There are 2 protein chains.
Amino acid sequence: MKGERTRQSILERAVDIASLEGLEGLTIGRLAKELQMSKSGLFAHFGSKEDLQLAAIESARVRFVDEVLRPALGAPRGYPRLMAICRAWLNYVGRGVFPGGCFFAAASFEFDGRPGAVRDAIASAMDQWVIALEKAVRLAKEEGHLDPRTDPAQIAFELNALFFGANFASQLRNDPSAIRRAEKAIEQRLESLRVKRSRTRPHVRRKTA
Amino acid sequence: MKGERTRQSILERAVDIASLEGLEGLTIGRLAKELQMSKSGLFAHFGSKEDLQLAAIESARVRFVDEVLRPALGAPRGYPRLMAICRAWLNYVGRGVFPGGCFFAAASFEFDGRPGAVRDAIASAMDQWVIALEKAVRLAKEEGHLDPRTDPAQIAFELNALFFGANFASQLRNDPSAIRRAEKAIEQRLESLRVKRSRTRPHVRRKTA
DNA sequence: CAAAATAGTACGAACGTTCGTATTTGTCAA
DNA sequence: TTGACAAATACGAACGTTCGTACTATTTTG
């Protein structure tokens, strides 16, 4: 009972630290100190540091789904939902869901080239995200909102790349305009694929603002 | 004399290790072992680990400029040079200039959120790159190859994002199609900005292949 | 030979981990 | 409701290792 509560609070802190210092920089000693508990106390909940890292990745994934992805999935199917997902991501970086920016982007670069369970877990979490993105594009296409020649995998790749770019520019180069640039690029790209429904309802350019 | 040679060979190895294991994972002990020299021997060349990290970043920057950027700058000014830079980057990831993918992408994510000299050096190196990219776009625009409304900073941001995305997808998700996708996206984006010179020389669609 | 470069050795701190023990907690009989 | 007790949870101390770094001695080089 109590154990589960403690475990969760450990993981929350672990995710925050890892998003700032990396999954290796997430140190048992530091984590224990910040939680005001002993190192050995931590080992009652996690058998090893690797266990802790894996649990932290899963916890981060859940946090991301709960706070970013799921709310966006509430939008109407098709183009609106796709845009909602994109906007949710752009907000997510600035909103401080993870204190160090995008947890997964950082973890990806930290563990690519280091085979093992941790790397696989990160890759799997990122896969889920890219697949969700791809699915949103595909649905928008099937809904008739996007050009039927649209390649969902290609568009998902491009969107994801813009997310990475935005995260990078706003974090390291702390360029405040990065999010805006990414938003602009995304809107423009998706607009270029959008079906205008000119048959049923002619496209009328709305007055600016 | 000999010292300088040794220093260079230390740095080459250091850059390779750091590109795989990160700048923190680049450890004095490991580096010494791989070079078959003593830890204290290393300290004759670098006053501290931070010194070593800074020198490794500079060394990586030089390697990147020499092997990737400078060759591409040989292309004719304007659109061709811009495309040459983009292609050089796309090749660079797959070509194994750094064994762990893009040195700077990894370093960026490792050190964002950790203020200090190392972070600043990484940011500065990346700045130079983004500025070079932006300059190439601006030149292409001034040369009349791109739509005069083109915003060089925006395009540089988008291109750089695609580079990040390609590196990520091909490294962590080892998706072999990532480079192709990025290439396609870049070509399409730049094509959309291209001036067709329809006044002086009408645009004639060449036969496919 | 003087100077530059390298090796050897040692240090304190921090790393992940283990162990035996103390404390807290939930359960159930009284 | 309480008391007792086993299980769950947390602790302090210590382990062996590796980290970055300092100091001194020795070899290599110009």
Side-chain angles (χ1 to χ4, degrees), chain A residues 1-59 107 110-111 114-119 121-122, chain B residues 1-59 107 110-111 114-119 121-122:
Chain A
M1 298 290 102
K2 169 137 184 289
E4 188 52 32
R5 252 179 296 131
T6 308
R7 192 189 143 95
Q8 286 311 319
S9 61
I10 292 174
L11 282 177
E12 288 206 6
R13 200 55 95 95
V15 167
D16 287 346
I17 294 178
S19 95
L20 283 166
E21 313 283 342
L23 279 162
E24 287 302 342
L26 167 61
T27 246
I28 306 285
R30 171 166 180 184
L31 182 56
K33 192 170 293 173
E34 292 206 10
L35 289 164
Q36 298 187 100
M37 71 188 315
S38 63
K39 291 200 282 175
S40 45
L42 286 177
F43 276 88
H45 297 274
F46 306 95
S48 69
K49 177 166 186 180
E50 191 178 67
D51 279 3
L52 174 68
Q53 291 174 321
L54 292 171
I57 291 166
E58 172 60 16
S59 176
E110 187 179 0
F111 275 85
R114 291 197 232 172
V118 177
R119 190 205 124 111
I122 297 166
Chain B
M1 296 293 101
K2 170 135 184 290
E4 186 54 30
R5 253 179 296 131
T6 308
R7 191 188 143 97
Q8 287 311 319
S9 61
I10 292 174
L11 283 177
E12 288 206 7
R13 199 57 95 94
V15 167
D16 287 346
I17 294 177
S19 95
L20 283 165
E21 312 284 340
L23 278 163
E24 287 302 342
L26 167 62
T27 244
I28 306 286
R30 170 166 181 184
L31 182 56
K33 192 170 294 173
E34 292 206 9
L35 289 164
Q36 299 186 100
M37 71 188 314
S38 64
K39 290 203 282 176
S40 48
L42 286 177
F43 273 89
H45 297 274
F46 306 95
S48 69
K49 175 164 187 182
E50 192 177 66
D51 278 4
L52 174 67
Q53 290 174 321
L54 292 171
I57 291 166
E58 172 60 15
S59 176
E110 187 179 359
F111 274 86
R114 290 197 234 170
V118 176
R119 189 204 123 110
I122 298 166

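Owing to the predicted nature of the structure, the values given are computational and were not obtained by experimental measurement. Here is how names work: the chains are called A, B, and so on, in the same order as the sequence lines, proteins then strands, and each is numbered from 1.
- Summarising the geometry, the separation between CE on B/Met37 and P on D/dT27 is reported as 17 Å, rounded to the nearest angstrom.
- Shown here for A/Glu110 and A/Gly25, the closest heavy-atom pair between the two residues is OE2-N, 4.5 Å.
- Between the side chain of A/Arg114 and the backbone N or O of B/Glu21 there is at least one donor-acceptor pair closer than 3.5 Å.
- Atoms CG (A/Leu35) and C1' (D/dC11) sit 15 Å apart, rounded to a whole Å.
- In this structure, B/Arg5 places its CZ atom 10 Å from P of C/dT6, rounding to the nearest Å.
- Regarding contacts with the backbone of D/dC19, a side-chain N or O of B/Thr27 is found under 4.0 angstrom from either OP1 or OP2.
- Shown are B/Ile28, B/Thr27, B/Leu35; of these, the side chain to side chain contact (heavy atoms under 4.5 Å, CB included) with B/Leu31 is made only by B/Leu35.
- As rounded to whole Å, 13 Å separates atom C1' of C/dT17 from atom CG of A/Asp51.
- Separating the CG atom in A/Asp51 from the CZ atom in A/Phe46 is a distance of 8.5 Å, to the nearest 0.5 Å.
- Rounded to a whole Å, the CZ atom of B/Arg7 is 13 Å from the P atom of C/dT6.
- Atom CZ of residue B/Arg13 and atom CE of residue B/Met37 lie 12.0 Å apart, to the nearest 0.5 angstrom.
- Mapping B/Ala44 and A/Leu26 onto DNA chain C via the closest heavy atom, the residue that lands nearer the 5' end is B/Ala44.
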- [ ] Please assess A/Glu24 against A/Phe111 for the test side-chain contact (heavy atoms from CB on, under 4.5 Å), listing each intermediate value before the final yes or no.
- [x] CA-CA 10 Å; A/Glu24 287 302 342; A/Phe111 275 85; 3.6 Å; yes

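- Straight-line distance from the CD atom of B/Glu24 to the P atom of D/dG20: 8 Å, rounded to whole Å.
- Between B/His45 and C/dT6 there is a side-chain polar atom (N or O) within less than 4.0 angstrom of OP1 or OP2.
- Rounded to an integer number of Å, the gap from CZ of A/Arg30 to C1' of C/dT17 is 21 Å.
- The NZ atom of A/Lys33 sits 19 Å away from the P atom of D/dA10 (whole-angstrom rounding).
- Using a 4.5 Å cut-off on side-chain heavy atoms (C-beta onward), A/Val15 and A/Leu26 make no contact.
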Identify all pairs in which a protein N or O lies below 3.5 Å from an N or O of nucleotides 21-23 of chain D, and state each distance.
unit_1: D/dT21; atom_1: OP2; unit_2: B/Lys49; atom_2: N; d: 2.6

